[in-house]
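The residues of the chain are indexed from 1 along the displayed sequence. Just so it is clear, the model here is predicted, and its values are computed rather than measured.
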Amino acid sequence: MRFRVSLGLFVAISLLIPRPGSAGEEAAPSLQAKFGSKFVVGVALGGRVPDEYSDVERKLILGQFGSVTPENCMKMTAVQPREGEFHFEEADALVDFAEKNRLQVVGHTLVWAKDERTPAWFFRDGDKPASREKVLERMRTHIRTLVSRYRGRIASWDVVNEVLDDNEPDLRPSSWLSIVGPEFIAEAFACAHEADPGALLLYNDYNVDQPRKREKLIRLIGDLRSKNVPLGAIGIQGHWEVDQVPFKDIEALLVAMKDLRLKVMVSELDLGVVPRGVWWADGGKRRDEIARTDPLAAGCPPDLIDRQAAQYAQLFRLFSDHADVIARVTFWDLHDGRSWLNSFPWKHAEYPLLFDRRASPKPAFQAVMDVKP
Ligand code: 9MR
């Protein structure tokens, strides 16, 4: 309930108050203005703000979006690369920029439950593996330090990221799980809540639209609720691919979350145009060969651009139809040139967003703006 009030207030404020620099200028069509009464439209920022963004890019951020997510600078590997050595310069700059410009901030991410996304020191104690108590204490210190630093300034936090496994077990094998056990999840939420009782706390994951992973998510939610964990909403990442968007499964997930009375944030949206499955096909035997390919280096063909536009529009129709359960939709980066997909799973030109490399709107932007309210 508290979240509804603050979200409503935020939307009202962001729609009514013109942003700095907008006085006297004709307002460009804006995603946040169009969808803001239904859900906040956000963007992830990977560069240091504001200095690593051009004037055109800054204008795009301020003109189109109502919230920002730091793509990397609040991650454990960036914030605390060595025990007790905290780096907040980039994160502070982002929060300051957001506040000056009346943008909400999404904190991302406190515990990323993969070993390769956790600094190695976290699980070591000298030349021995760290004990359960040590890892828990380190986790609490990390969460407390970040969340209390931005208390009242960061509206929502991705507390635990990607704990669900893609294959057989419910929970992904990791040192988090083997050293602490599944209790680290509930502990992380409890600790974040204690540090800022006003922040909305999210569980964030990918592929949870796929039926088997959706069932795992539902079990996880049930388990956390049975322990009175302050779980505020679910982040569904949304790294989908053109021609393979699982519209029906996404809708089924939204309905399932609504039944559970949980809000959803589409937390990392992009629609890649280069199929990624080839990287893992054949058990990865062709990776060397694939790593040398760059199929759309010369540009994205018009028919693909049009299909992307149509599928983005279909997605936003779906989001609008289920706006009662969706609180935010965040694009995973500002424009095609800044997308992580240009280097994942191998280095190649990608075109997954609404704006091109010059930060100009693509047909997908217009298609989304044309969606009937
Ligand atoms: O886009 C991010 C990329 O720049 C980083 O190198 C990578 C590792 O930190 O993380 C990417 O963002 C991920 C996000 O934090 C969590 N969900 C999956 C995203 C794409 O990998």
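Using bins of under 30°, 30° to 60° and over 60° for the plane-to-plane angle, the ring pair F316/Y312 lands in the tilted bin. Using the six-membered ring where Trp is involved, F344 and W280 have ring planes that are tilted, between 30° and 60° apart. In this structure, F365 and F355 have tilted ring planes: the angle between them lies in the 30° to 60° band. Using bins of under 30°, 30° to 60° and over 60° for the plane-to-plane angle, the ring pair W240/F319 lands in the tilted bin.
Shortest non-hydrogen contact noted between S339 and D333 is CA-CB, 4.2 Å. Looking at every heavy atom in both residues, Y203 comes nearest to V160 through CD1-O, 3.3 Å. Closest approach of I326 and V329 over heavy atoms only: CG2-CG2, 3.9 Å.
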Step by step, work out the salt bridge (Lys or Arg N to Asp or Glu O under 4.0 Å) result for D170 and R219. CA-CA 9 Å; D170 271 19; R219 280 197 289 278; 2.8 Å; yes

Apply side-chain contact (heavy atoms from CB on, under 4.5 Å) to the pair E183 and K227, showing each step before the final yes or no. CA-CA 10 Å; E183 300 81 21; K227 296 175 176 135; over 6 Å; no

Walk me through it: do D321 and R317 pass the test salt bridge (Lys or Arg N to Asp or Glu O under 4.0 Å)? CA-CA 6 Å; D321 289 348; R317 269 196 296 278; over 6 Å; no

Run the side-chain contact (heavy atoms from CB on, under 4.5 Å) check on M257 and L217 step by step: do they pass? CA-CA 10 Å; M257 294 303 107; L217 175 66; 3.9 Å; yes

Please test D92 against R149 for salt bridge (Lys or Arg N to Asp or Glu O under 4.0 Å), starting from the C-alpha separation and ending with a verdict. CA-CA 9 Å; D92 284 353; R149 183 178 187 88; 2.7 Å; yes

Between L318 and E251, does the side-chain contact (heavy atoms from CB on, under 4.5 Å) criterion hold? Intermediate values first, please. CA-CA 7 Å; L318 183 64; E251 184 159 32; 3.7 Å; yes

Checking side-chain contact (heavy atoms from CB on, under 4.5 Å) for the pair M74/T109: CA distance, chi angles, key distance, verdict? CA-CA 6 Å; M74 282 188 197; T109 178; over 6 Å; no

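At a cut-off of 3.5 Å, with distance as the only test, no side-chain donor of D115 or W176 sits close to an acceptor on the other residue. D243 and Q311 share a side-chain donor-acceptor pair at under 3.5 Å. Defined by atom type and a distance below 3.5 Å, a donor-acceptor pair is present between the side-chain atoms of N204 and S267. No side-chain N or O of E71 forms a donor-acceptor pair with one of W340 less than 3.5 Å apart.
The side-chain tip of R357 points at the ring of Y351 from less than 6.0 angstrom away and within 45° of straight on. The cationic atom of R328 (NZ for Lys, CZ for Arg) does not lie both less than 6.0 Å from the six-membered ring centre of F35 and within 45° of the ring axis. A cation-pi arrangement is present between K213 and Y206, with the terminal nitrogen or guanidinium carbon under 6.0 Å from the aromatic centre and inside a 45° cone about the axis.
Of the possible donor and acceptor atoms, none in the side chain of E90 sits under 3.5 Å from a partner among the backbone N and O of C73. Looking at K75, its side chain never comes within 3.5 Å of a backbone N or O of L110 through a donor-acceptor pair. Looking only at distances, a side-chain donor or acceptor of Q80 sits under 3.5 Å from a matching main-chain atom of G84. The backbone N or O of M369 sits less than 3.5 Å from a side-chain atom of K34, completing a donor-acceptor pair. Of the possible polar contacts, one joining the E350 side chain to the V273 backbone as a donor-acceptor pair under 3.5 Å is found. Looking at D356, its side chain does come within 3.5 Å of a backbone N or O of A359 through a donor-acceptor pair. In terms of modelled atom types and a separation under 3.5 Å, the side chain of E83 and the main chain of W121 share no donor-acceptor contact. Proximity of a side-chain donor or acceptor of R151 to a complementary backbone N or O of A195 within less than 3.5 Å is detected. The backbone N or O of L103 sits nowhere less than 3.5 Å from a side-chain atom of N101 that would complete a donor-acceptor pair.
When the side chains of ILVMFWY residues are joined at heavy-atom separations under 4.5 Å, either directly or via intervening members, V56 and F331 end up in two distinct hydrophobic clusters. The same ILVMFWY cluster, assembled from side-chain heavy atoms under 4.5 Å apart, contains both V163 and V229.
We find that R212 and E168 are joined by a salt bridge, their nearest charged nitrogen and carboxylate oxygen being less than 4.0 Å apart.
Checked against the 6.0 Å centroid criterion, the rings of W157 and H193 do not qualify as a close aromatic pair.
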